[in-house]
Amino acid sequence: ERLPAIFFKFQFRNVEYSSGRNKTFLCYVVETQGKESTTSRGYLEDEHAASHAEIAFFNTILPKCESSLRYNITWYVSSSPCVTCADRISETLRKNKNLRLTIMVGRLFMWEEPEMQAALKKMKSAGCKLRIMKPQDFEYVWQNFVEQEEGEEAKAFVPWEDIQENFQYYEEKLAEILQ
């Protein structure tokens, strides 16, 4: 199952002011290292009133992980986690030394708030690799997670006008927070 293109184009857009973008979309790749290495992928989105996409990952995907195997997990997320989700990520990484998590975010959520900055730093100290999505990362998500129109050739990813400037802006902000 793939993410509808219209959701990707709206929710993943790395704009500074994310008005109306109040859902998180999380595309994941789980690489299992063991006797037989495997890779699984998919996407999750916030469920109204239920759980955020990050918590849904821990509740639905993570329980299938075995403690005897090593996992490299990569998330491509429309925006960085809220404080509650960031705390859960930190806690999960501290408890599960067999997990390696890299989170690539389209934009930073409420990054000006001191408690959000503290939560991002806590994730980093727990071993989470956190970085801002580059234009190539948006293209990767487009090619691997977004549904293409039926019967059409796969459409090329068309970057929006300010994608590079917005990436640089957020990259600078994240570097300041995590220093």
Side-chain angles (χ1 to χ4, degrees), residues 1-32 37-65 71-82 84-86 88-89 100-111 116 120 123 128-174:
E1 193 174 323
R2 288 178 167 243
L3 180 66
I6 193 164
F7 290 161
F8 171 81
K9 288 176 183 175
F10 182 72
Q11 296 289 350
F12 271 87
R13 193 168 180 137
N14 62 350
V15 292
E16 183 178 354
Y17 298 103
S18 55
S19 179
R21 292 170 173 84
N22 52 6
K23 273 188 108 166
T24 297
F25 285 83
L26 184 158
C27 300
Y28 63 87
V29 178
V30 178
E31 297 171 306
T32 306
S37 295
T38 60
T39 302
S40 62
R41 64 181 66 222
Y43 87 91
L44 299 162
E45 62 185 274
D46 288 349
E47 297 299 326
H48 298 292
S51 65
H52 288 181
E54 299 90 341
I55 303 302
F57 180 88
F58 291 129
N59 293 341
T60 60
I61 309 302
L62 196 61
K64 298 173 183 134
C65 295
Y71 298 91
N72 285 329
I73 302 168
T74 305
W75 289 354
Y76 298 88
V77 192
S78 53
S79 69
S80 59
C82 68
T84 304
C85 289
R88 176 77 185 270
I89 290 164
R100 297 282 171 266
L101 178 61
T102 301
I103 303 177
M104 298 194 220
V105 300
R107 61 185 177 280
L108 293 173
F109 174 71
M110 295 177 60
W111 60 267
M116 192 67 253
L120 293 172
M123 283 172 46
C128 181
K129 289 189 178 95
L130 190 62
R131 78 171 177 80
I132 303 300
M133 287 175 68
K134 299 175 181 172
Q136 308 88 283
D137 297 319
F138 289 104
E139 185 171 7
Y140 174 83
V141 170
W142 176 261
Q143 291 170 347
N144 292 281
F145 295 98
V146 177
E147 66 186 27
Q148 302 298 321
E149 296 298 316
E150 286 294 320
E152 287 186 27
E153 289 289 316
K155 285 186 182 161
F157 172 67
V158 180
W160 40 92
E161 186 182 330
D162 49 3
I163 191 171
Q164 182 65 30
E165 293 83 2
N166 292 346
F167 156 69
Q168 289 168 325
Y169 172 80
Y170 277 127
E171 187 178 51
E172 201 173 282
K173 296 299 172 203
L174 183 61

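This chain uses plain numbering: 1 for the first residue, then up along the sequence.
- Two residues are said to be in side-chain contact when any heavy atoms from C-beta on lie closer than 4.5 Å; Cys82 and His52 meet this criterion.
- Every residue two or more places apart in sequence or in another chain that forms a side chain to side chain donor-acceptor pair (under 3.5 Å) with Asp162 is listed here: Asn166.
- Between Phe58 and Trp75, the ring centre distance stays below 6.0 Å.
- A donor-acceptor contact shorter than 3.5 Å links the side chain of Asp46 to the backbone of Thr24.
- Contact annotation: the side chain of Arg41 approaches that of Asn144 to within less than 4.5 Å [non-hydrogen atoms, C-beta and beyond].
- Considering every non-hydrogen atom in both Pro81 and Phe109, the closest pair reads O-CD2, 4.2 Å.
- Tyr140 pairs by the ring-ring contact (aromatic ring centres under 6.0 Å, His included) definition with Tyr76, not counting sequence neighbours.
- Looking only at side-chain heavy atoms (C-beta outward), Val77 and Met133 stay at 4.5 Å or farther from each other.
- Rounded to the nearest 0.5 Å, atoms CG (Asn72) and OG1 (Thr32) are 9.0 Å apart.
- You'll find the side chain of Thr39 stays beyond 4.5 Å of the side chain of Val30, heavy atoms only.
- Considering all non-hydrogen atoms of both residues, Ile163 and Asn14 come closest at O-ND2, 3.1 Å.
- Put simply, CG on Leu130 and CE on Met123 are 4.5 Å apart, with the number rounded to the nearest 0.5 Å.
- With Ser78 contributing its side chain and Phe25 its backbone, the two residues share a donor-acceptor pair below 3.5 Å.
- Checked against Phe138 for a ring pair (Phe, Tyr, Trp, His ring centres under 6.0 Å), the options Phe167, Phe145, Trp160 give a single hit: Trp160.
- Taking OH of Tyr169 as the reference point, atom CG of Leu108 lies at 8.5 Å (rounded to 0.5 Å).
- Put simply, OG on Ser80 and CG on Leu174 are 8.0 Å apart, with the number rounded to the nearest 0.5 Å.
- Qualifying ring-ring contact (aromatic ring centres under 6.0 Å, His included) partners for Tyr28, counting only residues two or more places apart in sequence or in other chains: Phe57.
- The salt bridge (charged side-chain N to carboxylate O under 4.0 Å, His left out) check on Arg2 picks up nothing, with sequence neighbours excluded.
- A distance-only check finds a donor-acceptor pair linking the side chain of Arg107 to the backbone of Arg13 [under 3.5 Å].
- A 4.5 Å side-chain heavy-atom check between Cys85 and Ile55 finds at least one atom pair inside the cut-off.
- Rounding to the nearest 0.5 Å gives a distance of 8.5 Å between CZ of Arg131 and OG1 of Thr102.
- With sequence neighbours left out, Glu139 forms a side-chain contact (heavy atoms from CB on, under 4.5 Å) with Gln143, Phe157.
- Minimum interatomic distance between Phe12 and Cys27 (heavy atoms only, all atoms of both residues): CZ-SG, 4.1 Å.
- When side chains are defined from C-beta on, Gln164 counts as touching Gln168, because their heavy atoms get closer than 4.5 Å.
- Summarising the geometry, atom SG belonging to Cys128 is positioned 6.0 Å from atom CD1 belonging to Ile89; distances are rounded to the nearest 0.5 Å.
- When the ring-ring contact (aromatic ring centres under 6.0 Å, His included) test is applied to Trp111, no partner is found at least two apart in sequence or on another chain.
- Contact between Ala53 and Leu44 at its shortest, heavy atoms only, is O-CD1, 3.9 Å.
- Contact record, Ile132 with Gly106: CG2-O, 4.3 Å, taken as the closest heavy-atom pair.
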